[in-house]
Structures are given as structure tokens and as C-alpha cells.
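Residue indices begin at 1 and follow the sequence shown.
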Amino acid sequence: KNSVSSGRWEGYARAMIANELTPLHLPCRTDIGEASDFVATLTLAGPTALVCFNDSVAFGASLGLLRAGRQPARDVALTGFDDIREASSWFPPLTTVRVAAADIGIAGARILLDRIAGPSAPARREILPPSLIVRASCGPDLGVLKSRHKVTA
């Protein structure tokens, strides 16, 4: 487990609890084929929504749902993380969380340059704000979701 996976899990769990829902962790590796195999084994009474570690896992989950006779967006809401280029072209287009890669690079360079200029300064951590990119994979009622959340296209 690394700080990225821990941070994503903690954020998901806090949001679920804040909305009086029970967070459920279904562990699988970040591999499209493995995610597909894992999700295909879920029963029809399984989760009605999957919040995936990244877009690749969401792609695998989508394929696993189809293999199990379930339709992403209709039967199970599906979200990813990273907003990779293929997310908008996937079917159904994948709802995802975007953190701008260029902004990450700029922040990293700024922190590194500050460390070079002041090697004894305390360590610094910068957290960049994500954007929710709502697309069809999260379900049929996008109007309600978009009205409740700040959405960036």
C-alpha cells in the first residue's frame, strides 16, 4: 500500500461515511484483466456502484460487468481516477476524477527548487484540487448529479 492508494481510500471512506453510506473495499490489482476477472465474479446482488482506483481498473471493471451480463451505467455506476485520454471515448464514457498532470509537475518543480534554495527548511507537501468529470458511466440521471456537484468538462 502506498500514500496514493491510502489517500484515495481515506477520501472515499470519509465521503461515504459523511453521506451515511458504508464504505466497502474490494481489493484487486491495478490491471485491466484482473479487474475484469474480479468484477465478473460479483453477484447480481453485488454493489450498485464501483469507485475504481484509476481509469484502467474502471475499464476492466466495465468489461467484467459486461461479461457477467450487467450493463455499466444502467446496472452499476462506475467511476475512475486520472481522466486518461481514453476515458471520454470509452463506452459508456467514463466518469472520472482529474488531477492536472502539468500542475503536478509545476508543483513538484517548485518544491524541488525551494528545497535546493533552502535545504534545511522543513519538508513541504502540496495537495492539488481534483475535478470531477461527469460522464455517462455514473448512471442515467446526470442532471441531478451535475446540479449537486461542481463539474468540470
Side-chain angles (χ1 to χ4, degrees), residues 1-109 111-112 125-153:
K1 208 170 190 185
N2 61 44
S3 64
V4 172
S5 61
S6 295
R8 289 182 188 180
W9 164 254
E10 289 165 10
Y12 158 79
R14 275 194 312 271
M16 293 290 285
I17 291 166
N19 287 282
E20 300 178 1
L21 298 167
T22 303
L24 176 62
H25 186 248
L26 302 173
C28 80
R29 292 181 359 169
T30 57
D31 173 85
I32 291 175
E34 202 166 301
S36 175
D37 291 344
F38 178 78
V39 170
T41 67
L42 298 175
T43 66
L44 290 176
T48 57
L50 295 170
V51 178
C52 299
F53 176 77
N54 62 27
D55 292 346
S56 293
V57 170
F59 293 161
S62 179
L63 296 173
L65 288 168
L66 291 169
R67 287 176 39 214
R70 298 173 84 190
Q71 181 67 45
R74 184 191 71 204
D75 301 322
V76 178
L78 189 60
T79 66
F81 196 103
D82 293 326
D83 195 28
I84 63 175
R85 183 179 30 187
E86 296 83 359
S88 64
S89 300
W90 194 254
F91 185 80
L94 183 64
T95 294
T96 188
V97 175
R98 175 189 298 156
V99 178
D103 293 344
I104 292 171
I106 291 167
I111 290 170
L112 178 61
R125 181 176 170 182
E126 223 175 291
I127 298 177
L128 302 174
S131 299
L132 176 63
I133 310 301
V134 177
R135 297 187 181 111
S137 71
C138 65
D141 198 358
L142 294 176
V144 171
L145 184 64
K146 286 182 177 181
S147 69
R148 292 179 55 196
H149 300 280
K150 179 183 174 198
V151 176
T152 313

[atom1]/[X] to [atom2]/[Y] distance, rounded to the nearest 0.5 angstrom?
X   : Y   : atom1 : atom2 : value
I17 : Y12 : CD1   : OH    : 9.5 Å
L66 : F91 : CG    : CZ    : 9.0 Å
D55 : I32 : CG    : CD1   : 10.0 Å

Closest non-hydrogen atom pair between [X] and [Y], with its separation:
X    : Y   : answer
R70  : P47 : NH2-O, 3.5 Å
R135 : A87 : NH1-CB, 3.6 Å
S62  : P72 : OG-CG, 3.4 Å
A136 : A73 : O-CB, 3.2 Å

Under the salt bridge (Lys or Arg N to Asp or Glu O under 4.0 Å) test, which residues partner D82, sequence neighbours left out?
R8
For D103, all residues meeting salt bridge (Lys or Arg N to Asp or Glu O under 4.0 Å), sequence neighbours excluded
none
Non-neighbouring partners of [X] that pass side-chain hydrogen bond (donor to acceptor under 3.5 Å, both in side chains), sequence neighbours left out:
X   : answer
S56 : none
N54 : none
R14 : none

Restricting to side-chain contact (heavy atoms from CB on, under 4.5 Å), what partner residues turn up for [X], sequence neighbours left out?
X    : value
E34  : R29, D31
A61  : V39, L50, C52, L78
I111 : R124, E126
A13  : W9, P23

Name all pairs fulfilling the side-chain hydrogen bond (donor to acceptor under 3.5 Å, both in side chains) condition that reach into residues 39-52, sequence neighbours left out, sorted by first residue then second.
none
Set out, in order, the CA-CA distance, both residues' side-chain angles and the distance that settles side-chain contact (heavy atoms from CB on, under 4.5 Å) for L94 and I133, then state yes or no.
CA-CA 8 Å; L94 183 64; I133 310 301; over 6 Å; no
ring-ring contact (aromatic ring centres under 6.0 Å, His included) against F59, all qualifying residues, sequence neighbours excluded:
W90
Given 3.5 Å as the limit, does a donor-acceptor pair link the side chain of S137 with the main chain of T95, or not?
yes
One pair to check against side-chain contact (heavy atoms from CB on, under 4.5 Å): V57 and F81. What are the steps and the verdict?
CA-CA 9 Å; V57 170; F81 196 103; over 6 Å; no
Here the salt bridge (charged side-chain N to carboxylate O under 4.0 Å, His left out) pairs for residues 40-54, sequence neighbours left out, are none
Between the side chains of D83 and R98, is the shortest nitrogen-to-carboxylate-oxygen separation below 4.0 Å, so that they form an ion pair?
yes
